[in-house]
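In listed order, ligands and their atoms are each counted from 1.
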Amino acid sequence: MSTEPRRPATRCAHGGASRRGPGGANEPFQRPIAQSTIFDLGTSAEAEAIFSGAHKGYAYSRFGNPSVEVLAAMIADLEGGAEALVTSSGNAAVLCAVTAGLAGRDGPLVTHHDVYGGSFELLRILSSIHRVPVEIVDSTNTEAWLDAVSRAGAVLLETPSNPLMRLIDIAGTVARAHAGGAPVIVDNTVATPFNQRPFDFGADWIVHSTSKYLNGHSDMIGGCLVRQENLSAMHRTIHKNLGGTVNALDAWLVQRGRRTFALRMEAHNRNGQAVAEWLLRRPEVARVHYPGLATYPQAELFRRQMKHGGALLAFELAGGEEAACRFLDRVGLILHAVSLGGMESLATRPAMSSHRGMTSEARQRAGVSDSLIRLSVGVEAIEDLFADLEQALAGRPDARPVGG
Ligand SMILES: *Cc1c(COP(=O)(O)O)cnc(C)c1O
């Protein structure tokens, strides 16, 4: 058998399946779902060995669960990190990573104002109720951003940002943060490890909402955090006691989704690029935000930092808020729904959905206009996507296809 390391697409396709252990009986190819709260601790001596860590074992599923550990190992492998922790949502992963990142540090958690709406809300709670110092900076002002980063306790950044697809230079941020001793957490949900490798640029932590591309099937909520280096006992204690533990079935679903991850991402990237270029040629569309476009303002950083443009994009309609609402009323194949990263194409108006928790002033500062539509491009046949976009933009009253 070849001893060459297998390529990521191969590891995705085979990941999670078990093989016969040395001397053991044959095993089911698909891993069982360890749907159990508790585990048999055995004798007092065996229980002691499990609790002390002298012997690998399980006690209670919030502390550890075989199905969850299979997924954690897979996610660490996907991102090229040492170890990962799995959580019940992307928000729980952000909470864990921010808590771990700030531990033993004096400065504020520095982030940018166009961070994901749920993360923004979470940080607002941390700062207003728990008095965690949080500094929210306009990352498009590079000087202000790097200055804040150099004084940070920890940094949370998201690139590309959601929904405006702005990029932040990971390597440049890491250099300044590390000079002051601050760890850098990168939310890689939108880019995915297929399109962007934050650890290659020195990031310390990566967080994901697995509800999006990693699971890819729009049938669960989950998250994870990955560390470039090994996790400490403190990191595990934070994860265990903050309580955002994933259940075995949801962990199992994500490990199954990972088997088609490489295939799905190839299709997502192809469709995302095609749709962005198509929209750019439309007179109804005033502006397209997509990093893979030749006209993209941060094209140089895109080439340095990302492998592909992905499948999330946003566009502004020339007809303003009214045209944006009409577009959402008319899409047929494309579903009007929040979230992203599933195999089906989804459209939303961020001002009304993901960003409605922000004050309108904060939203304006973030550049989220009322006519902005966010599109998560799925893996459908591209001709069907073009046809649906065409009829939704044209706005002819009889054009909506039946049974979309
Ligand atoms: C969805 C999302 C989150 C939050 O994840 P949940 O699974 O909804 O808790 C965090 N960051 C980004 C970029 C997201 O898209």
Side-chain angles (χ1 to χ4, degrees), residues 68 71 75 79 84-99 101 109 111-126 136 139 155-168 170 184-196 198 203 205-226 239 242-247 249-251 253-254 257 265 268 272 289 291 306 310-314 337-342 346-348 350 353-358 366 368 372 374-378:
V68 175
L71 176 61
I75 288 171
E79 285 289 8
L85 294 165
V86 186
T87 57
S88 54
S89 69
N91 261 37
V94 171
L95 177 60
C96 269
V98 163
T99 307
L109 186 274
T111 193
H112 45 101
H113 62 44
D114 53 352
V115 75
Y116 173 72
S119 305
F120 193 89
E121 291 283 284
L122 166 65
L123 295 174
R124 202 157 67 174
I125 291 168
L126 290 182
I136 295 168
S139 65
V155 179
L156 170 67
L157 74 87
E158 194 181 311
T159 177
S161 72
N162 174 4
L164 291 174
M165 311 307 292
R166 289 182 184 136
L167 303 191
I168 295 177
I170 301 173
V184 175
I185 305 158
V186 176
D187 187 331
N188 207 29
T189 302
V190 169
T192 83
F194 196 89
N195 290 343
Q196 176 171 274
W205 293 91
I206 293 172
V207 292
H208 277 278
S209 166
T210 56
S211 325
K212 316 292 168 54
Y213 292 104
L214 291 189
N215 178 54
H217 290 64
S218 304
D219 53 12
M220 52 74 69
I221 295 285
C224 65
L225 56 164
V226 195
H239 172 254
L242 286 185
T245 321
V246 72
N247 67 63
L249 174 59
D250 283 345
L253 284 171
V254 180
M265 288 314 298
H268 276 302
H289 305 267
M306 293 185 73
L312 190 69
L313 58 88
V338 298
S339 195
L340 59 107
L346 307 174
T348 53
S353 52
S354 58
H355 287 62
R356 69 181 301 142
M358 291 165 96
V368 177
L372 190 77
R374 190 189 73 177
L375 200 56
S376 171
V377 182

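- The main-chain N or O of Ile206 is never found under 3.5 Å from a side-chain atom of Glu79 such that the two would form a donor-acceptor pair.
- Put simply, the side chain of His239 gets close to the backbone of Val86: a donor and an acceptor are under 3.5 Å apart.
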### Task
Begin from the C-alpha positions of Tyr213 and Ser376 and carry the test side-chain contact (heavy atoms from CB on, under 4.5 Å) through to its verdict.
CA-CA 10 Å; Tyr213 292 104; Ser376 171; 4.3 Å; yes
May I have the N/O to N/O pairs between ligand 1 and the protein that fall below 3.5 Å, each with atom names and distance to one decimal?
| from | atom 1 | to | atom 2 | distance (Å) |
| --- | --- | --- | --- | --- |
| ligand 1 | 5 (O) | Gly90 | N | 3.4 |
| ligand 1 | 5 (O) | Ser209 | OG | 3.1 |
| ligand 1 | 7 (O) | Gly90 | N | 2.9 |
| ligand 1 | 7 (O) | Ser209 | OG | 2.8 |
| ligand 1 | 7 (O) | Ser211 | OG | 2.7 |
| ligand 1 | 9 (O) | Gly90 | N | 2.9 |
| ligand 1 | 9 (O) | Asn91 | N | 2.9 |
| ligand 1 | 11 (N) | Asp187 | OD2 | 2.7 |
| ligand 1 | 15 (O) | Lys212 | NZ | 2.7 |

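- Side-chain contact check for His268 versus Thr192: every heavy-atom pair is 4.5 Å or farther apart.
- Donor-acceptor pairing under 3.5 Å is recorded for the side chains of Asp187 and Thr189.
- Looking only at atom types and distance, the side chain of Asn215 has no donor-acceptor partner in the side chain of His217 under 3.5 Å away.
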